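Here's the structure, in structure tokens; my notes come after.
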Amino acid sequence: MAETFDLIVKNGECVTPAGRQSFDLGIRDGRIIGMGDLSEDKAAETFDAKGLTVLPGVIDSQVHFREPGLEHKEDLESGTRAAILGGVTCVFEMPNTNPSTTTIEAFNDKLRRAEGRTWTDHAFFIGASPDNVENLGFLEKQPGCAGVKIFMGSSTGSLLVDDEEALKLALENGHRRVAVHCEDEERLKERRSLIEGINDPAMHPVWRDEKTALRATHKLIRYARTTGRRVHVLHVTTAEEMKFLSLHKEIATVEVTPQHLTLAAPSCYMELGSRAQMNPPVRVERHREALWRGVATGIVDVVGSDHAPHTLEEKAKPYPNSPSGMPGVQTLLPVLLGHLSTGRLSLERLVDLTSAGPARIYGIAGKGRIALGYDGDLTLVDLEATRRISDSDMATKSGWTPFHDMEVKGWPVATIVRGQIVMRDGQTVGDPIGQPVRFQETLAGAQARL
Ligand code: DOR
């Protein structure tokens, strides 16, 4: 008997857990309920994906959208609009806003602000601070919460857990995987004098050197072992951390960014100046190659953009007063597709890093693969399209990208969130329909949908 769907995506080559398969996908009430030849079935809308590759919706599990408090850099609407234009269907937003997301009130405020204004599905991290460590086990259980984020070294904003007792308490309070920024605050302070009065962003990886990152990562893993807590090490930047983390995969998962996989010192600082400044820093070629080895050998679980917009005016301040961070949510997938076209990674690995990986490590319910019963989140790409990434196409309020002028082969041409087409050929479609992400460990949101 013919079925009726809300949307049929037909004739695409779908990247599924069983491999690449050419078939139609039928979505109803936000979920994939038909896979195969659906030519006899009916749908309110049909998308002909002939010649296109259909990926599970890309999940960017590390973005900074600046709302509340710093909306001149970004807000939830502009950040998620940039995301869908880049093929991203789901984002996890970081807690270093103003105020920081450290309380139930600040967390609920973000969820309220997101209602009717996000183009992607969304989850928010709770920031750990010495003031809320005892409460983290409660906070991480809130529906729509991605988990806890710890800054071991100071970066943008005021969030910091730099003493060992607070770190231990933060890891003891709660169960879900904790996302961690690993830079050692004490060493950052010791070495800060190296950059005083030297207006040169190329000094950034000298100040925040390899040992700064490695020391924090060692400390984190030591406490993760003693407390039995799973951790996720964000934006790993050194060969030494990659090797070390490969020995601790039972408790530690690993993330890298497109910036660290693509740029390298010193050329990035010569070409981009403080636009290439981020924490932890972009380092020399040896480290970039080690990150790629981590991708090739399976150490890396996730690629996240660490979308961290700052205006060009702010970036133009003399280093080190220039803020750290680069926009990236819109270029995450295009840059990775560029690497795919040059043979740096396979399509299957790309999907593992951008959807299956985040779903696996954070326990997302119903996302991360093209499978029956899963959310109808799809990213349609044209692997043959050659395009140039350009500042002028960026939807971020900051209005620039470190990848300006880079030519890539492979481009997202449509973004579908729970069966609704929200981007087609570089244009938004309809209204922002984003909803909180559901997690396996806090399924309250899912119950409400049944
Ligand atoms: O470079 C960075 N910028 N690293 C971070 O950890 C924070 C981010 C931001 O929020 O600007």
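Atoms within a ligand are numbered from 1 in the order they appear, just like the ligands themselves. Since this is a predicted model, take the numbers as computed values, not measurements.
Geometric assessment of K149 against the ring of F151 yields a positive cation-pi assignment under the 6.0 Å and 45° thresholds.
Ligand 1 has an N or O atom lying under 3.5 Å from an N or O atom of H64, backbone or side chain.
Y269 has its ring centre no less than 6.0 Å from the ring centre of Y319.
With no hydrogens or angles considered, a side-chain donor-acceptor pair links T97 and K110 at under 3.5 Å. In this structure, a donor-acceptor pair under 3.5 Å is present between the side chains of E314 and H72.
Contacts of R66 with ligand 1, taken as heavy-atom pairs under 4.0 Å, involve the side chain alone. With a heavy-atom cut-off of 4.0 Å, H181 touches ligand 1 through its side chain alone.
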Trace of the side-chain hydrogen bond (donor to acceptor under 3.5 Å, both in side chains) decision for H235 with N279 = CA-CA 9 Å; H235 39 45; N279 304 329; over 6 Å; no
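A salt bridge (charged side-chain N to carboxylate O under 4.0 Å, His left out) check over residues 94-105, counting only residues at least two apart or in different chains, returns nothing. Counting only residues at least two apart or in different chains, salt bridge (charged side-chain N to carboxylate O under 4.0 Å, His left out) contacts with residues 244-261 comprise R225-E250, K249-D301.
For atom 9 (C) of ligand 1, the closest heavy atom belonging to the protein is T156 OG1, 3.1 Å. Counting protein heavy atoms only, atom 3 (N) of ligand 1 is closest to S324 O, 2.9 Å. What sits closest to atom 4 (N) of ligand 1 on the protein, heavy atoms only, is N279 O, 2.8 Å. Among protein heavy atoms, the minimum distance from atom 7 (C) of ligand 1 is reached at S155 OG, 3.3 Å. Annotation: atom 8 (C) of ligand 1 to nearest protein heavy atom, A308 CB, 3.6 Å.
Residue contacts with ligand 1 leave out M326, since none of its heavy atoms falls under 4.0 Å from the ligand. Ligand 1 has at least one atom lying under 4.0 Å from a heavy atom of H310.
In the vicinity of F151, heavy-atom distances shorter than 4.0 Å reach the ligand 1 atoms 6 (O). Ligand 1 places these atoms under 4.0 Å from at least one heavy atom of M278: 1 (O).
A donor-acceptor distance shorter than 3.5 angstrom exists from the side chain of E74 to the backbone of K397, with no hydrogens or angles considered.
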